[in-house]
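Okay, structure first, notes after.
As the structure is a computational prediction, the values presented were derived from the model and not from experiment.
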Amino acid sequence: MTNKKRHKSTLARAEKIKALTALHYEAGNQAKCYKAVWRQWIYPEFRVSYGTYLRLMGLPPDTDIR
């Protein structure tokens with residue numbers, strides 16, 4: 001993330017999202033790619049868009065990550 005000051009709740013939410021992603025993401029497996037993890041696990045619980053999810057993960061949102 002940038003040097004921008006973040007709220008504690010945002011940082012806590014980002015850590016929870018990173019932990020959930022670490023549990024369910026598998027590189028090279030299209031059924032468990034970032035988009036699938038977001039669709040099945042992140043969006044129902046946190047209601048954040050895919051771009052926000054990638055930003056919280058520290059990934060560039062403009063790249064096509066599968």
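Side-chain contact check for F46 versus L20: some heavy-atom pair is nearer than 4.5 Å.
Shown here for A36 and A31, the closest heavy-atom pair between the two residues is CB-O, 3.4 Å. Scanning all heavy atoms of the two residues, the minimum distance from K18 to L56 falls at CE-O, 3.2 Å. In this structure, V48 and I42 approach most closely via the heavy-atom pair CG2-CG2, 4.0 Å.
Residues that satisfy the side chain to side chain contact (heavy atoms under 4.5 Å, CB included) test with Y43, not counting sequence neighbours, are W38, R47. For E26, the salt bridge (charged side-chain N to carboxylate O under 4.0 Å, His left out) partners are K32, not counting sequence neighbours.
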